[in-house]
Amino acid sequence: MSELRVRFAPSPTGYLHVGGARTALFNWLLARNRGGTFILRIEDTDVERSTKESVNAILEGMKWLGLEWDEGPFYQSDSFQLYKEHVQTMLDAGKAYKCCCTAAELEAKRNLAMQEGRKPKYDGTCRDRTDLPDSQPYVVRFRAPHTGVTSFDDLIKGTITFPNEELDDLIIQRTDGTPTYNFCVVVDDASMKITMVIRGDDHVNNTPRQIQLYEALGFPVPEFAHVPMILGSDKTRLSKRHGATSVIAYRDMGFLPEALLNYLVRLGWSNGDDEIFSRDEMIKKFDIRNVGRSASVFNTEKLLWLNAHYIKYGDPERLADLLLPHISKRKVTTLGGPDLMTVVKTLQERAQTLEEMAERAVFYYNAPENYDDAALAKFDNDHLMAVFEAVPRKLTSAAYDISGIDALFKEICTENGWKMGQVGQPIRIALSGGTQAPGIGEIVVTLGVEETVRRIQKAREFVAAKK
RNA sequence: GUCCCCUUCGUCUAGCCCGGCCCAGGACACCGCCCUUUCACGGCGGCGACACCGGUUCAAAUCCGGUAGGGGACGCCA
């Protein structure tokens, strides 16, 4: 194990979204790549908005993606005592001070500053007050340096420098005695001995404040890597109106975890021209320095392509297991029908998602109730009747393999002077109800000769009734 | 408004640090052709970008300066 310690620290105010998942992935990847430790920490200091359901949803998403953590989950709500102690230390050392300004006053000053075009930062009213009344409610503020600069070498973005005068005395403890985010993060990352903070770049602006806190607290400052955001198709921050953002929603839409992982890792990161990465490959090749600096747009088309790829080359047995819930959802039972794994094999090259695969698999279990009229209309009834009579007559044995069936159909063609399309298509319609289906050989073998004959018979009666 | 960050095909990106191999490569999507009993898969080909303006240089996507556009942050949210 190396010294590398990284963490993913979501706040449980919603499900695990793709942006969070990618941040988690990058952390996980780097930990695995360097033999480091990946820690999961739940940032639930905002008791109001944090929910148990969200925690579960996040854990579920992480597990589905296979992003297993080495330590945790830790909950910030369990560490309130620790934060309090550190606040007191800061107060005792004069590195923090009590402030009696009310929220309303601050709000008013902020608005005024904005209006006048000034930076809306705390004006320092209580910074040097010595006459603070004991009885009044107060918050604790960090006594931040007002001169000089704070800078850090971001592993992704390079050196970033902030003039200290831009930073104000941030609140580290609220009126109700609870600590605030920026303070908790620092205390936690320090006490968990985090050596590298990999997070969304919406935190870049928090970083200088946090560095100042590390220094005030006497903690070593970790390295930072800020990963760019994921945008929607209109290049604004990805949100629900761009479609699904929840990792679990992608699972339910029939995406494979390895496909989403592969998509996410390539969003913002690259390894030359490589597109397909197994878990092991991405672990081996991942390098935080190859993460791009600019935001990227989430593109479902490419995700679909990757999903299709993983379905195509996936293990049929596993796919069958994963497919089952999507089949059941359609109120279809596989009982008494063909083996689902065999069905999967006929559909692997034809489905982009498990949902689509389930949709295409239905006909195997539910014989068609009606037929695609337009497709049927391409043949005259006499021809259809002839085909529907000729084929069952030739299907004598019960045991065929796919090439056996193909050979049989060729035979039928030669005997009757038909072209393949004149036989295959009507049979396909008889067996599946439509024209979008696997090869005839695959269907017949999967369905079995008995069921095949039954379905052709049924189609024959249907056509006969039309005459 | 202030500060911070970003800018290569429609999208994800390679190349940029260490100028010439780049009249910019790959992938998705799109279009066409081929394969084909349907739908797909697959194969081949096409379309298509260095935000802009200056500078440095024999030579710039690559270095420097500026402009524009986009994003983020500015909370007793995280």
Side-chain angles (χ1 to χ4, degrees), chain A residues 9-13 43-46 48-50 76 99 101-103 106-107 110 113-121 137-141 154 157-158 160-163 165-168 170-176 178-182 184-185 200-208 226 228-229 231 233 235-237 263 266-276 290 292-306 308 312 347-352 360 372 375 406 409-410 413 418-429 432 434-441:
Chain A
S11 64
T13 54
E43 312 228 314
D44 57 350
T45 47
D46 184 352
E48 295 282 297
R49 297 198 303 164
S50 303
Q76 287 190 321
C99 167
C101 298
T102 66
L106 294 170
E107 167 97 45
R110 240 194 321 271
M114 283 281 222
Q115 254 176 39
E116 294 176 356
R118 301 194 328 269
K119 178 110 180 159
K121 58 178 205 172
Y138 63 86
V139 298
V140 177
R141 284 186 185 272
D154 192 279
K157 298 188 178 262
I160 301 179
T161 304
F162 290 83
E165 60 179 340
E166 290 299 326
L167 280 16
D168 62 359
L170 83 161
I171 292 169
I172 60 178
Q173 188 179 86
R174 304 184 183 98
T175 312
D176 65 2
T178 58
T180 58
Y181 167 74
N182 280 112
C184 296
V185 169
D201 76 359
D202 45 336
H203 285 288
V204 167
N205 294 275
N206 288 326
T207 307
H226 288 97
M229 321 206 45
L231 274 23
S233 47
K235 301 214 175 202
T236 64
R237 195 180 190 134
Y263 178 70
R266 277 288 290 108
L267 203 56
W269 174 80
S270 60
N271 184 264
D273 288 337
D274 297 349
E275 294 289 351
I276 306 292
N290 289 140
R293 290 164 300 277
S294 54
S296 34
V297 174
F298 192 88
N299 180 222
T300 312
E301 297 296 324
K302 188 147 185 183
L303 208 209
L304 277 167
W305 173 73
L306 280 163
K312 187 177 165 196
L347 263 15
Q348 279 182 283
E349 288 190 350
R350 296 166 225 269
Q352 289 193 296
R360 285 170 170 256
D372 181 337
D406 288 346
F409 271 73
K410 285 206 178 86
C413 284
W418 290 328
K419 283 182 182 163
M420 202 44 134
Q422 292 176 283
V423 187
Q425 200 64 333
I427 294 298
R428 189 188 323 282
I429 297 165
S432 75
T435 59
Q436 300 187 13
I440 293 294

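Below, all heavy atoms of this structure are taken into account, side chains as well, without hydrogens, waters or symmetry copies. In what follows, every chain begins at residue 1, and chains take the letters A, B, ... in the order their sequences are listed.
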Rounded [atom1] spacing from [N] to [M] in Å:
N: B:C31; M: B:C74; atom1: P; answer: 44 Å
N: B:A40; M: B:G25; atom1: P; answer: 30 Å
N: B:U67; M: B:C4; atom1: P; answer: 14 Å
N: B:U7; M: B:A61; atom1: C1'; answer: 12 Å

Any N/O pairs under 3.5 Å between the protein and nucleotides 63-68 of chain B? List them or say none.
none

Figure out the [atom1]/[atom2] separation between [X] and [N], and round it to whole Å.
X: A:Leu231; N: B:U11; atom1: CG; atom2: C1'; result: 12 Å
X: A:Asp273; N: B:A14; atom1: CG; atom2: P; result: 10 Å
X: A:Gln173; N: B:G75; atom1: CD; atom2: C1'; result: 17 Å
X: A:Leu167; N: B:G75; atom1: CG; atom2: P; result: 12 Å
X: A:Gln76; N: B:A78; atom1: CD; atom2: P; result: 8 Å
X: A:Asn182; N: B:A73; atom1: CG; atom2: C1'; result: 11 Å
X: A:Glu275; N: B:C28; atom1: CD; atom2: C1'; result: 8 Å
X: A:Leu304; N: B:U11; atom1: CG; atom2: C1'; result: 14 Å

*Starting at the 5' end of nucleotides 1-8 of chain B, put B wherever the base has a protein heavy atom under 4.0 Å, S where only the sugar-phosphate does, and a dash everywhere else.*
BBSSSSS-

*What is the per-nucleotide protein-contact pattern of nucleotides 31-52 of chain B, from the 5' end, where B denotes a base atom under 4.0 Å from a protein heavy atom, S denotes such proximity for sugar-phosphate atoms only, and - denotes neither?*
------BBBBSS----------

*Can you find a donor-acceptor N/O pair under 3.5 angstrom joining the side chain of A:Thr175 to the base of B:C76?*
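Side chain to base: pair found, below 3.5 Å.
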
*What about A:Glu107: does its side chain form a donor-acceptor pair under 3.5 Å with the base of B:G75?*
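Absent.
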
At 4.0 Å (heavy atoms only), tell me whether [X] reaches a base, stays on the sugar-phosphate, or touches nothing.
X: A:Asp274; answer: nothing
X: A:Arg49; answer: base
X: A:Thr45; answer: sugar-phosphate

*Taking O4'-C1'-N9-C4 for purines and O4'-C1'-N1-C2 for pyrimidines, is B:C41 syn (within 90° of 0) or anti?*
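Syn for B:C41; the angle stays within 90° of 0.
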
*Assign each of A:Leu303 and A:His203 to its nearest nucleotide of RNA chain B by heavy atoms, then name whichever residue's nucleotide is nearer the 5' end.*
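Looking at RNA chain B, the more 5' nearest nucleotide goes with A:Leu303.
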
*Where each residue is assigned the nucleotide of RNA chain B containing its nearest heavy atom, which of A:Pro10 and A:Tyr263 is assigned the position nearer the 5′ end?*
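Looking at RNA chain B, the more 5' nearest nucleotide goes with A:Tyr263.
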
Can you measure from [atom1] ([X]) to [atom2] ([Y]) and round to the nearest 0.5 angstrom?
X: A:Asp46; Y: A:Thr180; atom1: CG; atom2: OG1; result: 11.5 Å
X: A:Arg266; Y: A:Leu303; atom1: CZ; atom2: CG; result: 13.0 Å
X: A:Leu231; Y: A:Asn299; atom1: CG; atom2: CG; result: 12.5 Å

*asked:* I'd like to check A:Gln425 versus A:Met420 (side-chain heavy atoms, cut-off strictly below 4.5 Å). Are they in contact?
replied: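 Side-chain contact under 4.5 Å: no.
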
Locate the shortest heavy-atom distance separating [X] from [Y]; write the atom from each residue and the value.
X: A:Thr435; Y: A:Ala375; answer: CG2-CB, 3.4 Å
X: A:Arg350; Y: A:Gly439; answer: NH2-N, 3.8 Å
X: A:Arg110; Y: A:Pro120; answer: CG-CB, 3.6 Å
X: A:Asp372; Y: A:Gly434; answer: CB-CA, 4.0 Å

*Check step by step if side chain to side chain contact (heavy atoms under 4.5 Å, CB included) holds for A:Lys302 and A:Leu267.*
CA-CA 10 Å; A:Lys302 188 147 185 183; A:Leu267 203 56; over 6 Å; no

_Nearest-nucleotide pick for A:Arg110, side chain only, options being B:C76, B:A78, B:C28_ =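 The closest nucleotide is B:C76.
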
*Out of B:G26, B:G72, B:C76, whichever nucleotide has its closest atom nearest the side chain of A:Met229*: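 In terms of side-chain proximity for A:Met229, the closest of B:G26, B:G72, B:C76 is B:G72.
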
*So does A:Ser296 get a side-chain nitrogen or oxygen closer than 4.0 Å to the phosphate oxygens (OP1/OP2) of B:C12?*
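Result: no.
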
*With respect to the phosphate group of B:A78, does any side-chain polar atom (N or O) of A:Ser50 fall under 4.0 Å of OP1 or OP2?*
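False: A:Ser50 side-chain N/O out of range (4.0 Å or more) of B:A78 OP1/OP2.
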
*Is it true that the side chains of A:Thr178 and A:Asp176 contain a donor and an acceptor less than 3.5 Å apart?*
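Present: a donor and an acceptor within the cut-off.
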
_My understanding is that a pair needs two contacts under 3.5 Å, Watson-Crick or G-U wobble. By that rule, which nucleotide pairs with B:C22?_
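WC or wobble partner does not exist here.
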
*asked:* Does A:Trp305 form a side chain to side chain contact (heavy atoms under 4.5 Å, CB included) with A:Tyr263? I'd like the steps, not just the answer.
replied: CA-CA 9 Å; A:Trp305 173 73; A:Tyr263 178 70; over 6 Å; no

_Checking side-chain contact (heavy atoms from CB on, under 4.5 Å) between A:His226 and each of A:Ile160, A:Asp202, A:Val204, which is the one that passes?_
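With A:His226 as partner, side-chain contact (heavy atoms from CB on, under 4.5 Å) holds for just one option, A:Val204.
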
*Look only at the side chain of A:Asp44 and the backbone of A:Gln76, and say whether a donor-acceptor pair between them is shorter than 3.5 Å.*
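Here the side-chain-to-backbone pair exists.
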
*Counting N and O atoms only, with roles assigned by atom type, does the side chain of A:Gln422 sit under 3.5 Å from a partner on the main chain of A:Lys419, one being a donor and the other an acceptor?*
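Confirmed, A:Gln422 side chain pairs with A:Lys419 backbone.
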
